[in-house]
Every structure is written in C-alpha cells, then in structure tokens.
There are 2 protein chains.
Amino acid sequence: MNRQVDTSTKDKILRAAIRVFAQKGRHGTRMDEVAQEAGINKAMVYYYFSNKDNLFFEILTTIFTEMYQNSLHRISEDISTGKNHADIISNSIRYSFESYNKNPHYTRIMIDAISSGMDEIPKALEAVYDSSQLSPTSYIIKTIQDGIDKKIFRAVDPINTMISITGMTFIYFLSRNIIKFFGMKIDDEDEFLDNRIKSVIDLIMNGMLMRQ
Amino acid sequence: MNRQVDTSTKDKILRAAIRVFAQKGRHGTRMDEVAQEAGINKAMVYYYFSNKDNLFFEILTTIFTEMYQNSLHRISEDISTGKNHADIISNSIRYSFESYNKNPHYTRIMIDAISSGMDEIPKALEAVYDSSQLSPTSYIIKTIQDGIDKKIFRAVDPINTMISITGMTFIYFLSRNIIKFFGMKIDDEDEFLDNRIKSVIDLIMNGMLMRQ
DNA sequence: ATATTTATTAACCATATGGTTAAACTAGAA
DNA sequence: TTCTAGTTTAACCATATGGTTAATAAATAT
C-alpha cells in the first residue's frame, strides 16, 4: 500500500528538493544544493522542472497528495462503516494531527506557499483532487451539516467550524516553539501531542462553559 | 493617545520598511526599494539598522508592540471593571480579531518570522514585554484558570485552550483566500468577519454538541 | 572659530545564484 | 549500423543584490 520508490532521476530530484525546501525554506533553497542533495547535475533539475517556482509547485502537489490521501481514506471509511457523527469529526481531527505529525517539516513548505500569496495553493489542491469534489474538508463539512440536521450538533456554522478546526490543528505545527511562548514546558513530546489532540476535540465538542 | 508621528530618518525608514516587507515578503524585499520608499539613501538604512536581518527584527518588535499594546489595555480594563469570565474571554477574542483586522498586512511579516525558524519571535516578544510578565496571553490564561476554579468553565486545559483560540484567530488572517478554498464566497467583507468572530466565540464557549 | 561627532551621499563591489548552452552519451528503433 | 529521441554533463553567464567606503555636509561641543 505504500508509494513505491521511484528511482528515476525526476523522482530523485523531487525527493531531494522536498528535503532541502523543508529545511532551508523557499528562498533559502539553492538550486545547486538541490542538485547536490539529489546527486545529479544541476541542469537536470531544470531539464525536468524548468525553474525554481515550478519545482516548488510540484513539491506542493506532492506533499498535499501524501498528506490528504491518507486522511481521506480513513474519513471515508469511518463514514461508510456508519460511525456516529461526533466520532467522525473527532477522528478526522486525530487523522489530521497524525498526518501533520508524520511530516512536521512539511509545515515549512506550506508556510512558504501561504507566504507567497495565496495563488499556488488552490492550484495545487486542484491538481490533487482533480475536478472530483472529494476532499477531507468537504466530507467533514457535510458531516457537520448532517449532524445539525439530525439535532446531534448545535446549529454552528459548518464552514466556520471547519476553518476553526484547521486553525487549531495547524497552529500546533506552525512551530513547536510556540509552546514555549505560551509558557509550557514539554517533557514528553508524544504525550504533549496526545494531550493537544484530546484538548482540541474536547473544546470543539463541549466548549468551555460549564453545562448546567 | 495616538503614537505621535516621528519624522526622524530612522522612523521614516522603519515605516517604509514595514510597508515593503509586508507587501514583498522578507526575501522578496530589496534594500534598495526600502530606501527608495523612504526617500533616503540606501546607506542610511545600514547606518541605522546595520543589516537586513536586524531591520526585520526591529520591524517585528514594532508591529508586536502596536498590535498587543491595544489588546492589553482593553483586556486589563475588562478585568478591572469586574466583567464576568465568559465576557472577558469573548471580548479578548474580539479584540484580537480587531487588532489583526486593523493591519491585515502585518500577517505576512509574522508568517515570515515564523517561517524563518522560531528564534526571532520570542526575542521580539521579550523586547516588547520587557521582563514584565504582562501579556494578553497571560491575562487570558489566568482568567481561564480562575473561571475553572469558580466552576464557571469546565476543566479545560488553559494553555491548550489559549493555543486553540490563537489558531482560530490567526488562520483567518493567514489568508483571506483560504475562504475560497473552503468553498465560501464573500459578498460583504465586514459581515463575514463579524460572522467569523461570533462563530469562534460560540464554538469556544458552547462547543458543537447539542446540550441535553 | 575650531574641533568633533553625527548624518548623508554617490559611487562601488564581491559574489552568490538562477538559469543556459552546446556538446556528448545512451538506448532503443529501423 | 545508423538514426533518432531522450539523458546527462561541465562550463558558462548575466545580473541582481546585500553590503561597503570614502568623502562631504550639518550639528554640536569647546
């Protein structure tokens, strides 16, 4: 079930580029370094990817595919096995965290995409979900709406709720160091992540206010 | 009560630099352009700010000061006038949105700071709240904890809740276009923001689940 | 008046870096 | 064995760009 390793030059370049871009950032990345990391001649990078911007774009589609493919499968499985609405949402949050956690360094690449003005991301996503309307996001929004219709959820705004969930997940990976800023010390990384996931799910489901 | 306009060369450079960095991004910014925008000789930029990184750092402390000063005052006023816990939190969310909304282009600068590895932000914040422990963040965390003690709030994790609030606020400003990605169309910007604020407060306070 | 410190300018510069090119090598087709 | 299309290489290159410098002007101190 794993992506089979493509040993072609093009793939070698792409993999190397992901490593370098994730570590050095979009503008910190040197095309020479990408070539060196891939163990090939720099001209090959241009041969297969035309230029730096295009290389970045192909990286984007690659990591989006990797990250969302996995979530998508698991969410749609939860839905088709008839899990209840709250569990579908809770699990999707869990999947999302796990997805980010598997490749935390991808965050940097996404940040760079966001930072460059929001032109590339929609295009990259389009390339990932080519014309099909299936995305983890749309699944969740539909589940929220359905849960509202069935009086399981309060009449929240589904899209705004989705945006909130995304924000709560994403900010954690924006930087681990943000935690320091909030005055928290981490003894055990895994435990902290686990706690964060539970905390997000609890807040999303129950809110802060004490129930009377 | 407004910051008085400083017409000194140093300030002219700083203001111009904020404009250029916000628009072009950290690495897209050319020192020549900063000088031109400020209407002074490039050497002056180096005279007052040594180098590009240091200029960026001073920009960071400047915008942090601007953004948080305002929130800080309003939150501490709410606390001292004895507002109830839920209102203090709700208002702080509102202030935070308003603060971002006043200078939405600052987001790009913050993104660039985050993207450059999380070294500068803590230092910049330190410079802002010099050694005093007063920050909007700490006020809110304390209010949450106090609300829990008084059985007004459920036993949520205060710091994780704070992180969540920050994420929900910040992601909105990451990019307006993110909304397109979520399949929403905006007729009225102000109305949409207003809706977003209400939606976040509602979710934070009440959660999704229907109360029995 | 004079010395000294601070502010400002125009002209320079080193070099890093994205991108090119022309030639050579390979492998499969005819 | 030749032809052709796809790969790969080493050597180049143009130039954008962060940063410098040396000379000068303006304040400020003595």
Side-chain angles (χ1 to χ4, degrees), chain A residues 5-62 108-109 112-113 115-117 119-120 123-124, chain B residues 4-62 108-109 111-113 115-117 119-120 123-124:
Chain A
V5 178
D6 188 343
T7 55
S8 72
T9 303
K10 188 176 181 182
D11 192 72
K12 254 162 58 186
I13 295 169
L14 191 63
R15 292 291 140 196
I18 289 177
R19 269 174 268 139
V20 180
F21 272 83
Q23 213 210 327
K24 302 284 173 82
R26 179 170 196 163
H27 299 280
T29 291
R30 302 291 136 231
M31 294 299 266
D32 287 279
E33 197 181 345
V34 171
Q36 200 192 359
E37 174 82 16
I40 48 89
N41 190 284
K42 182 169 70 153
M44 293 309 287
V45 182
Y46 288 91
Y47 181 71
Y48 283 113
F49 296 93
S50 307
N51 55 52
K52 199 182 183 184
D53 283 342
N54 187 59
L55 174 59
F56 183 77
F57 184 77
E58 296 225 15
I59 288 175
L60 258 196
T61 62
T62 305
R108 173 98 194 244
I109 293 169
D112 281 336
S115 164
S116 312
D119 301 319
E120 294 158 320
K123 271 185 211 151
Chain B
Q4 66 201 39
V5 178
D6 189 340
T7 55
S8 72
T9 302
K10 187 174 181 183
D11 192 72
K12 254 161 56 186
I13 295 168
L14 191 64
R15 293 292 140 195
I18 288 178
R19 268 174 268 140
V20 181
F21 272 82
Q23 213 211 325
K24 302 285 173 83
R26 179 169 198 163
H27 300 279
T29 291
R30 303 290 138 232
M31 295 298 266
D32 287 278
E33 198 181 343
V34 170
Q36 200 193 357
E37 174 81 16
I40 48 88
N41 191 285
K42 184 169 70 153
M44 292 310 286
V45 182
Y46 288 91
Y47 181 72
Y48 283 113
F49 296 94
S50 306
N51 56 51
K52 198 181 182 184
D53 283 343
N54 187 59
L55 174 57
F56 183 78
F57 184 78
E58 295 226 15
I59 287 175
L60 258 196
T61 61
T62 305
R108 174 98 193 242
I109 293 169
I111 286 286
D112 281 335
S115 166
S116 313
D119 301 320
E120 294 156 320
K123 270 185 212 151

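Proteins get letters first, then strands, A, B, ... in listed order; numbering begins at 1 in each.
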Query raised in the report: After noting the C-alpha distance and the side-chain angles of A/Glu58 and A/Ile13, does the key distance pass the side-chain contact (heavy atoms from CB on, under 4.5 Å) rule?
Result: CA-CA 11 Å; A/Glu58 296 225 15; A/Ile13 295 169; over 6 Å; no

Report summary line: To the nearest angstrom, the CD-C1' distance between B/Glu33 and D/dG18 comes to 15 Å

Query raised in the report: Taking it one step at a time, do B/Lys10 and B/Tyr47 satisfy side-chain contact (heavy atoms from CB on, under 4.5 Å)?
Result: CA-CA 9 Å; B/Lys10 187 174 181 183; B/Tyr47 181 72; over 6 Å; no

**Report entry** Residues B/Thr62, B/Arg15; criterion side-chain contact (heavy atoms from CB on, under 4.5 Å); working and verdict
**Finding:** CA-CA 10 Å; B/Thr62 305; B/Arg15 293 292 140 195; 3.5 Å; yes

Requested in this report: Return the value, rounded to whole Å, for the distance between atom CE of A/Met44 and atom C1' of C/dC25.
Outcome: 12 Å

Query raised in the report: Does B/Ser50 use its side chain to pair, donor to acceptor, with the backbone of B/Tyr46 at less than 3.5 Å?
Result: no

Atom pairs, N/O to N/O, protein against nucleotides 23-25 of chain D, distance under 3.5 Å?
none

Query raised in the report: Which heavy atom of B/Phe56 sits nearest a heavy atom of B/Asp112, and at what distance?
Result: CZ-CB, 4.0 Å

Report summary line: To the nearest angstrom, the NZ-C1' distance between A/Lys10 and D/dT8 comes to 17 Å

**Report entry** Members of residues 22-30 of chain A that approach DNA chain C, where some heavy atom sits under 4.0 Å away
**Finding:** A/Thr29, A/Arg30

Query raised in the report: For A/Arg108 and A/Phe21, what are the C-alpha separation, side-chain angles and deciding distance, and is it a side-chain contact (heavy atoms from CB on, under 4.5 Å)?
Result: CA-CA 8 Å; A/Arg108 173 98 194 244; A/Phe21 272 83; over 6 Å; no

Query raised in the report: Is there a side-chain contact between A/Met31 and A/Leu55, using heavy atoms and a 4.5 Å cut-off?
Result: yes

Show the distances under 3.5 angstrom between N or O atoms of the protein and N or O atoms of nucleotides 19-23 of chain C.
{"from": "C/dG19", "atom 1": "OP2", "to": "A/Lys52", "atom 2": "N", "distance (Å)": "3.0"}
{"from": "C/dG19", "atom 1": "N7", "to": "A/Lys42", "atom 2": "NZ", "distance (Å)": "2.8"}
{"from": "C/dG19", "atom 1": "O6", "to": "A/Lys42", "atom 2": "NZ", "distance (Å)": "2.7"}

Query raised in the report: Contact class for A/Tyr48 (heavy atom, under 4.0 Å): base, sugar-phosphate, or nothing?
Result: sugar-phosphate

Query raised in the report: What residue among A/Ile18, A/Asn54, A/Val20 forms side-chain contact (heavy atoms from CB on, under 4.5 Å) with A/Ile59?
Result: A/Ile18

Query raised in the report: Think B/Thr9 has a side-chain N or O under 4.0 angstrom from the OP1 or OP2 of C/dT8?
Result: yes

Requested in this report: Give, for atom OG1 of B/Thr9 and atom CE of B/Met44, the distance between the pair rounded to the nearest 0.5 Å.
Outcome: 5.0 Å

Query raised in the report: Salt bridge check: are B/Arg26 and B/Asp53 linked by an N-O gap of less than 4.0 Å?
Result: yes

Query raised in the report: Would A/Glu33 and A/Arg19 pass as an ion pair if we require N to O under 4.0 Å?
Result: no

